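As the structure is a computational prediction, the values presented were derived from the model and not from experiment. The chains referred to below are lettered A, B, ... by the order of the sequence lines, with proteins before strands, and numbering in each begins at 1. Worth knowing before you read on, the calculation uses all heavy atoms, side chains too, and leaves out hydrogens, waters and symmetry mates.
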Amino acid sequence: MSSSQTILLLPAVSDGDVAAFEQLYDRHAPILYALLLRMLASPEDAQEVLQEAFVKAWNDASRYDPSRGSELAWLISITRSRGIDRIRSRKVRGEREKDAARDNSIRSTAVDGMAAVESVVAGEEQRAVRAALAEIPEAQRQALELAYFDGLSQSEIAGKLGVPLGTIKTRMQLGMRKMRERLRESLDR
Amino acid sequence: MIHETFDEIAALEAVGAATADESRFLAEHLEGCNDCAALARAYRETAARLPLMLDPVSPPPGVRRSIMDAVGASVQPVTLEIPYRPRPFIDPRWYATAALLFLALWGWREVGIRVEREQVRAERAVAARLEEERHLLAADNRRMMAQMQELAAPGTRTIALAGQKMAPSASARIFMDPARRRAIIFFYDMPPNPSNRSYELWIIRADKKAPEGAGTFDVDPESHRSSMTIERLPVDTEIKALAVTLEPKGGVTTPTSSDYYLMGEAGL
């Protein structure tokens, strides 16, 4: 994930620089919040988990290794992991059924759009991702999204979509392969 | 060279859909396969871009404030959920007191258990003794019933013994069943015999000069009564009289004294 146009903030954060941490939040919180809204379908849960994720980032900033990926990729990893934890704890409580009903209202809560995050996600990169996803067949994309955003296992996805497990594996492999190739072509240009 | 199986698992693993076994299998393979390791990294980077398909959404301002409040006051690690609380100092004497209290309670419990065990043992002993007494009483009852049946038998004969100079008020009644050659004897108002002596019943036969011992008995010191049963009586026509003397404990073969306590003719 490219971050060449941005200054790395996590090294300063690891030194206790609160101002750097504020910048980090302003830069990445919108995409992370969008991720959590997509995963959790609940603004309250998404806000709670976002706080947890940023506090973890504050505490673990010294562990960030720039050679292994961008700051955003690192933050996404932390945030998604926390989101999956929340989904699993929710499954125990049986609250997951409300997701579908909330989905539409959450999508409409998006505010400011790119204006708020123009420095967060390079437009070029986002366009590349969207373009790559657009080229993936709907069935493959759906399987990837259920795994990545909803935290479903292969067998859960197979059950949900009513297709054989082997088919799901193949769809995800083909989808990931195509997306990887398209992104490499786009971002290497 | 990319291995097709691991290509698939790496793709699944990147989006969090690999099973635990598949992830372990992949990790073991990646340690020795640089090509597949590079592919797995590429898949992870690809998956990390998936959120970019979403429209960014600004969180409410309160979220930012909460996070900054949490981290702003300190450069130390913080947590939102469980604030650090120093462990309170506990005086070691409290531990000693707690240990003593525990030992005392444990000892009390042990004593209680032992007392209860003793009680159970004692109660079991009482129950065993009562059971034994019940058996004895039942046996007595059966014996008494048998004796009463004998006493009520049509051929039973009765012989009365009268007190002599050693026990003028004493008496005895003999119920004899000639057919079975058995007899049951009840003694009344007899003086209690010393512990080293016992009374002996003698059968004076018509066909023999010397009395024949029929058995010994002891008298109950409180009721002054006793009873005895004789098996294998001589034929009733041979019994001339019956008498009782006080003899050494266990009885003798011939009377040691002519001091009779009871005597009576058979009258047969």
Side-chain angles (χ1 to χ4, degrees), chain A residues 1 15-16 18 21-22 25-26 29-35 37-38 46-47 50-52 54-55 58-59 69 72-73 76-77 80 84 107 109-114 116-117 120-121 125-126 129-130 133 144-145 147-149 151-154 157 169-170 172-173 175-177 179-180 183-184, chain B residues 2-23 26 38-84:
Chain A
M1 196 176 290
D15 290 337
V18 176
F21 185 67
E22 287 176 331
Y25 177 88
D26 292 338
I31 196 65
L32 298 178
Y33 185 51
L35 168 62
L37 285 173
R38 173 65 181 80
Q47 289 159 26
L50 185 67
Q51 290 181 60
E52 291 173 11
F54 267 99
V55 168
W58 169 263
N59 289 334
L72 178 57
I76 284 175
S77 172
R80 182 175 175 275
I84 293 290
R107 286 183 191 282
T109 62
V111 292
D112 297 337
M114 291 303 292
V117 292
V120 176
V121 181
E125 189 172 6
Q126 185 168 43
V129 170
R130 290 182 173 181
L133 282 167
L144 290 174
E145 287 188 23
Y148 188 84
F149 292 116
L152 299 186
S153 66
Q154 314 162 11
I157 297 168
K169 288 185 173 187
T170 303
M172 285 199 279
Q173 181 191 16
M176 284 297 288
R177 186 182 287 172
M179 190 173 165
R180 177 175 62 87
L183 283 175
R184 188 170 57 192
Chain B
I2 298 298
H3 300 89
E4 184 63 22
T5 301
F6 295 101
D7 185 326
E8 180 185 275
I9 298 174
L12 293 170
E13 199 260 349
V15 291
T19 65
D21 285 342
E22 287 171 339
S23 293
L26 177 67
L39 177 70
R41 270 196 303 276
Y43 276 139
R44 287 191 196 112
E45 288 170 8
T46 301
R49 287 190 169 96
L50 281 171
L52 300 183
M53 67 182 278
L54 305 169
D55 288 329
V57 180
S58 295
V63 177
R64 187 182 194 279
R65 233 180 355 258
S66 294
I67 295 170
M68 297 311 153
D69 285 349
V71 304
S74 170
V75 295
Q76 298 299 316
V78 296
T79 174
L80 283 173
E81 295 165 351
I82 306 169
Y84 172 75

Q | Criterion side chain to side chain contact (heavy atoms under 4.5 Å, CB included) on A:Phe54 and B:Arg64, from CA distance to verdict | A | CA-CA 10 Å; A:Phe54 267 99; B:Arg64 187 182 194 279; over 6 Å; no
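Neither the backbone nor the side chain of B:Glu13 has a heavy atom closer than 4.5 Å to any heavy atom of chain A. Only the side chain of A:Arg80 comes within contact range of chain B, with heavy atoms under 4.5 Å apart. Heavy-atom distances place the side chain of A:Leu133, and not its backbone, under 4.5 Å from chain B. Only the side chain of A:Tyr25 has a heavy atom closer than 4.5 Å to any heavy atom of chain B.
A donor-acceptor pair is defined here as one N or O able to donate and one able to accept, closer than 3.5 Å; such a pair exists between the side chain of A:Gln126 and the backbone of B:Leu54.
Heavy-atom minimum distance, B:Val57 versus A:Ala34: N-CB, 3.9 Å. Of all heavy-atom pairs between A:Tyr33 and B:Pro60, the closest is OH-CD, 3.8 Å. Between A:Leu50 and B:Ile67 the shortest heavy-atom distance is O-CD1, 4.1 Å. Nearest heavy atom pair, residue B:Ala17 against residue A:Met172, reads CB-CE, 3.7 Å. Looking at every heavy atom in both residues, B:Ala11 comes nearest to A:Gln173 through CB-CA, 3.8 Å. Here the shortest heavy-atom pairing between A:Arg180 and B:Ala42 reads CD-CB, 3.5 Å.
With B:Arg49 as the partner, the side-chain contact (heavy atoms from CB on, under 4.5 Å) test is satisfied by one option alone out of A:Ile76, A:Leu183, A:Leu72: A:Leu183.
Within the 4.5 Å cutoff, the side chain of A:Tyr148 has no heavy atoms near those of the B:Met53 side chain.
Within the model, atoms CZ of A:Arg184 and CD of B:Glu45 stand 11.0 Å from one another, a figure rounded to the nearest 0.5 Å. The CG atom of B:Asp69 sits 10.0 Å away from atom CD of A:Gln51, with the distance rounded to the nearest 0.5 Å. Here the straight-line distance linking atom CD of B:Glu8 with atom CE of A:Met176 works out to 12.5 Å at 0.5 Å rounding. Between atom CZ of residue A:Arg130 and atom CG of residue B:Leu52 there is a gap of 8.5 Å, rounded to the nearest 0.5 Å.
Salt-bridge check for A:Arg38 with B:Asp55: failed, with every basic side-chain N at 4.0 Å or more from each acidic carboxylate O.
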